[in-house]
Asks: 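My questions will all concern the structure given below.
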Amino acid sequence: MAGKKTKELTYTLPEEFHVFGFSSDLLAWYDSQKRDLPWRINRDPYRVWVSEIMLQQTRVETVKPYYANFMEKFPTIGALAEAPEDEVLKAWEGLGYYSRARNLQTAAREVQARYGGVVPDSPEEIATLKGVGPYTAGAILSIAYEKAEPAVDGNVMRVFSRLLYLTDDIAKPATRIKIEHLVRQVIPHGRAGDFNQALMELGAMVCVPRTPQCLTCPVFDYCMARQEGVQEDLPIKGKAKPPRPIHLQVGVIMKEGKVLINKRPETGLLAGMWEFPMVETDVERDAAKQEVLANGIRERFGIDIEVIDMLGDVQHTFSHLQWNMQVRSCDWIDGEELPPHARFVEIDELDTYTFPGAHHKIRDLMQKRNESAR
DNA sequence: AACTCGTGGGC
DNA sequence: TGCCCAAGAGT
């Protein structure tokens, strides 16, 4: 039978895999060993939803304080839907991936308008909500509504790669689809939410990326990678491209004790966040960098400045970009008309605006300079 | 499918 | 120190 290997076959569990034993052993471990996490005190769909959005690509310990603050400020879908966007972004400040916050509020308004304030419980409807992708849809449906849907995140892909000795590259989208098919065949009836969380808990506590704790693993007996001794070589994951370097001139521009800040565009990197004005330079060519800064500020803000001195270098690396910033203190000289996205504000008022991490580093540099000046 | 979109921790 | 990683989604 040549050519018997169909796609369907690759999505089927090995015959020797004992589904029932695996699921019940994993659930028994989860029942006794699971962490007490703030979003596990009940199965309220909104609480589950917020936690899942915050946990996207973000560690549990990082999320905890943000989650507590967010649920206090926006305790219901209605509260989130009616809140000013600035307040939502401020509550997200420092968490990263800020489109999550905007999408969450957009989706909350959608739930209010179209679903009477109730998070929908069907795969088709919940998938239409902004920021709710395949993983989050499955997580909410299973945890809050006990629907037998897979919730395949990085943990689950790692666990299944080892469990079934899968050599697919987990960085490729097709691999997640395949693992969703496999997980779907293992979800125990009536405990989908706990089962999905148990898979993730196992990946976070035992089946960790480096040096997995196989000797304490509750599903050691089922693991094909462990039987072959290759658990440390799985999962297979293609390497990410290194971040692209960008060189920026940053101006801390003062006018009568106030400092100039700029609101970034509503789309793209750090959308809608505030920043210190900056100008991109070609490091190979721009020898006279302070002139590049002054000219760029004049073009974009319509004011003339004088560069006073160098405050220092600040580097900030994103997943795909590396900002190399030279920060200079400047004084306003001339020009009154600012564009609508820019304004001079008191130093003490900076806290009322939402700045991303890269600009907090610049603020730290400012404050250090101010202290040493005294 | 490949690229965009943050941040902080751990080894 | 540099690199990988962490409960991904949108385009």
Side-chain angles (χ1 to χ4, degrees), chain A residues 34-35 37-40 47-67 89 92-104 106-107 126-144 150-159 169-177 179-180 183 193 195-205 207-212 235 237-244 246 264-273 275 315-323 354-361:
Chain A
K34 69 181 174 187
R35 291 169 289 179
L37 298 175
W39 41 90
R40 286 180 176 165
R47 292 181 59 85
V48 173
W49 181 14
V50 172
S51 75
E52 293 301 342
I53 299 297
M54 282 193 174
L55 286 163
Q56 289 170 5
Q57 298 289 285
T58 310
R59 293 181 136 74
V60 165
E61 291 308 314
T62 303
V63 165
K64 279 181 180 175
Y66 282 92
Y67 183 76
L89 269 183
W92 213 269
E93 183 178 34
L95 253 191
Y97 287 141
Y98 299 99
S99 66
R100 291 183 294 175
R102 301 181 158 215
N103 289 338
L104 179 59
T106 299
I126 202 168
T128 67
L129 298 176
K130 288 279 189 274
V132 177
Y135 162 75
T136 305
I140 299 173
L141 290 171
S142 62
I143 298 171
V152 176
D153 71 337
N155 285 311
V156 178
M157 287 198 283
R158 182 174 58 258
V159 168
D169 183 353
I170 64 168
K172 295 188 179 302
T175 303
R176 196 205 74 242
I177 307 286
I179 294 179
E180 283 174 348
V183 171
F195 180 75
N196 282 335
Q197 292 187 86
L199 283 178
M200 293 187 274
E201 194 85 349
L202 187 73
M205 307 301 293
C207 196
V208 292
R210 281 172 292 207
T211 320
K237 186 175 183 181
K239 283 176 184 165
K241 278 183 19 178
R244 177 174 83 256
I246 289 181
R264 295 177 62 88
E266 298 302 311
T267 59
L269 181 67
L270 306 174
M273 317 268 309
E275 66 178 6
Q315 189 176 84
H316 190 82
T317 304
F318 303 86
S319 38
H320 60 301
L321 289 178
Q322 184 185 61
W323 279 5
T354 306
F355 290 87
H359 292 273
H360 280 291
K361 293 180 181 175

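The model shown is predicted, which means the values in this text are computed figures rather than measured ones.
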Asks: Would you say the side-chain atoms of A/Arg102 pair up with the backbone N or O of A/Glu266, donor to acceptor, closer than 3.5 Å?
Replies: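 Checked: pair present.
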
Asks: What's the closest nucleotide to the A/Arg59 side chain, out of B/dT4, C/dA9, C/dA6?
Replies: C/dA6

Asks: Would the distance check show the side chain of A/Arg40 and the main-chain N or O of A/Arg35 forming a donor-acceptor pair, the cut-off being under 3.5 Å?
Replies: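 Between the backbone of A/Arg35 and the side chain of A/Arg40 there is a qualifying donor-acceptor contact (under 3.5 Å).
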
Asks: With a 4.0 Å cutoff (strictly under), does any side-chain N or O of A/His316 reach OP1 or OP2 of B/dT7?
Replies: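 Checking A/His316 against B/dT7: at least one side-chain N or O falls below 4.0 Å of OP1 or OP2.
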
Asks: Heavy atoms only, 4.0 Å cut-off, all strands: where does A/Ser319 land among base, sugar-phosphate and nothing?
Replies: base

Asks: Taking atom C1' of B/dC3 as reference, at what distance in whole Å does atom CD of A/Gln57 sit?
Replies: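 Atom-to-atom, A/Gln57 to B/dC3, this comes out as 14 Å.
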
Asks: Return the value, rounded to whole Å, for the distance between atom CD of A/Glu61 and atom C1' of B/dG8.
Replies: 12 Å

Asks: Once you apply a heavy-atom cut-off of 4.0 Å, does A/Gly203 come out as touching a base, just sugar-phosphate, or nothing?
Replies: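 Answer is nothing: A/Gly203 stays at 4.0 Å or more from every strand.
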
Asks: Please report the distance, rounded to the nearest Å, between CD in A/Glu93 and P in B/dG6.
Replies: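 These atoms are roughly 13 Å apart.
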
Asks: For A/Phe355 and B/dT7, give me the distance from atom CZ to atom P, rounded to whole Å.
Replies: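 Atom-to-atom, A/Phe355 to B/dT7, this comes out as 13 Å.
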
Asks: So does A/His320 get a side-chain nitrogen or oxygen closer than 4.0 Å to the phosphate oxygens (OP1/OP2) of B/dT4?
Replies: no

Asks: Figure out the NZ/P separation between A/Lys64 and B/dG8, and round it to whole Å.
Replies: 18 Å

Asks: Considering non-hydrogen atoms only, spot the tightest contact between A/Ala139 and A/Glu52 and give its length.
Replies: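 Closest heavy-atom pair between A/Ala139 and A/Glu52: CB-CD, 3.7 Å.
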
Asks: Which of the following nucleotides, C/dC4, B/dC5, C/dA9, is nearest to the side chain of A/Tyr135?
Replies: C/dA9

Asks: Pick the P atom in B/dC5 and in C/dA6, then give their distance to the nearest Å.
Replies: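 Per the computed distance, 23 Å lies between those P atoms.
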
Asks: With heavy atoms under 4.0 Å as the rule, sort A/Leu95 into base, sugar-phosphate or nothing.
Replies: base

Asks: On DNA chain C, nearest-nucleotide positions of A/Lys239 versus A/Glu201: which is more 5'?
Replies: A/Lys239

Asks: Expressed as a whole number of angstroms, how long is the span from A/Arg176:CZ to B/dA1:C1'?
Replies: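 These atoms are roughly 13 Å apart.
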
Asks: Using a heavy-atom cut-off of 4.0 Å across all strands, would you classify A/Arg102 as base, sugar-phosphate, or nothing?
Replies: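 Nothing, no nucleic acid heavy atom in range.
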
Asks: Out of B/dC5, B/dC3, B/dT7, which has the shortest distance to the side chain of A/Lys241?
Replies: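 Comparing B/dC5, B/dC3, B/dT7 against the side chain of A/Lys241, the answer is B/dC3.
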
Asks: If only atom types and distance count, is the side chain of A/Lys361 paired as donor or acceptor with the main-chain N or O of A/Gln315 below 3.5 Å?
Replies: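 Present.
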
Asks: Among the nucleotides B/dT4, B/dG6, C/dC5, which one has an atom lying closest to any side-chain atom of A/Lys237?
Replies: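 Among the listed nucleotides, the one closest to the side chain of A/Lys237 is C/dC5.
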
Asks: Hey, does A/Val156 reach any base, or is it just sugar-phosphate, or nothing, if we go heavy atoms under 4.0 Å?
Replies: nothing

Asks: Side chain of A/Pro356 only, heavy atoms from C-beta on: which candidate in B/dT7, C/dA6, C/dA9 is closest?
Replies: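 It is B/dT7.
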
Asks: Checking all strands, does A/Leu104 fall into the base, sugar-phosphate, or nothing category for heavy-atom contacts under 4.0 angstrom?
Replies: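 Nothing, no heavy atom under 4.0 Å.
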
Asks: Do any side-chain nitrogens or oxygens of A/Thr58 fall under 4.0 Å of OP1 or OP2 in B/dG8?
Replies: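 Negative; the distance criterion is not met.
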
Asks: Spell out, as yes or no, whether a donor-acceptor pair under 3.5 Å connects the side chain of A/Arg100 to the backbone of A/Met54.
Replies: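 Present.
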
Asks: Closest to the A/Lys172 side chain: B/dC5, B/dA2, C/dG10?
Replies: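 Nearest to the side-chain atoms of A/Lys172, counting from C-beta on, is B/dA2.
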
Asks: State which of B/dA1, C/dG8, B/dC5 makes the closest approach to the side chain of A/Pro173.
Replies: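 Of B/dA1, C/dG8, B/dC5, B/dA1 is nearest to the side chain of A/Pro173.
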
Asks: Considering only atom P, compute the distance from C/dT11 to B/dG6 and round it to an integer number of Å.
Replies: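 Those two atoms are separated by 14 Å.
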
Asks: Looking across every strand, which nucleic acid part, if any, lies under 4.0 Å from A/Thr62 by heavy atom: base, sugar-phosphate, or nothing?
Replies: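 Result for A/Thr62 = nothing.
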
Asks: With nearest nucleotide decided by heavy atoms, which residue, A/Gly131 or A/Asp153, maps closer to the 5′ end of DNA chain C?
Replies: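 Upstream on the strand: A/Asp153.
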
Asks: Apply the side chain to side chain contact (heavy atoms under 4.5 Å, CB included) test between A/Met200 and each candidate in A/Val159, A/Val152, A/Val156; give the one that qualifies.
Replies: A/Val156

Asks: Nearest whole Å is fine: how far is B/dG6 P from A/Ile246 CD1?
Replies: 13 Å

Asks: When all nucleic acid strands are considered with a 4.0 Å heavy-atom cut-off, which category describes A/Trp39: base, sugar-phosphate, or nothing?
Replies: base

Asks: Just the rounded figure in Å: distance from C1' of B/dC5 to CD1 of A/Ile53.
Replies: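 Taking CD1 of A/Ile53 and C1' of B/dC5, I get 14 Å after rounding.
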
Asks: Check every strand shown and say whether A/Arg40 touches a base, only sugar-phosphate, or nothing at a heavy-atom separation below 4.0 Å.
Replies: base

Asks: What is the nucleic acid contact for A/Ser51, judged by heavy atoms within less than 4.0 Å: base, sugar-phosphate only, or nothing?
Replies: nothing

Asks: With nearest nucleotide decided by heavy atoms, which residue, A/Gly357 or A/Arg244, maps closer to the 5′ end of DNA chain B?
Replies: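 Nearer the 5' end of the strand: A/Arg244.
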
Asks: Side-chain N or O of A/Arg158 less than 4.0 angstrom from OP1 or OP2 on C/dA6?
Replies: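 It does, given that an N or O in the side chain of A/Arg158 lies less than 4.0 Å from OP1 or OP2 of C/dA6.
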
Asks: A/Phe318 and A/Leu269: side-chain contact (heavy atoms from CB on, under 4.5 Å), yes or no, with the steps?
Replies: CA-CA 10 Å; A/Phe318 303 86; A/Leu269 181 67; 4.2 Å; yes

Asks: Please say which of A/Leu55, A/Val50, A/Thr62, A/Val60 ends up in a side chain to side chain contact (heavy atoms under 4.5 Å, CB included) with A/Tyr67.
Replies: A/Val50

Asks: Which residue, A/Tyr97 or A/Ala174, contacts DNA chain B at a nucleotide closer to its 5' end, judged by nearest heavy atom?
Replies: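 The residue mapped nearer the 5' terminus is A/Ala174.
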
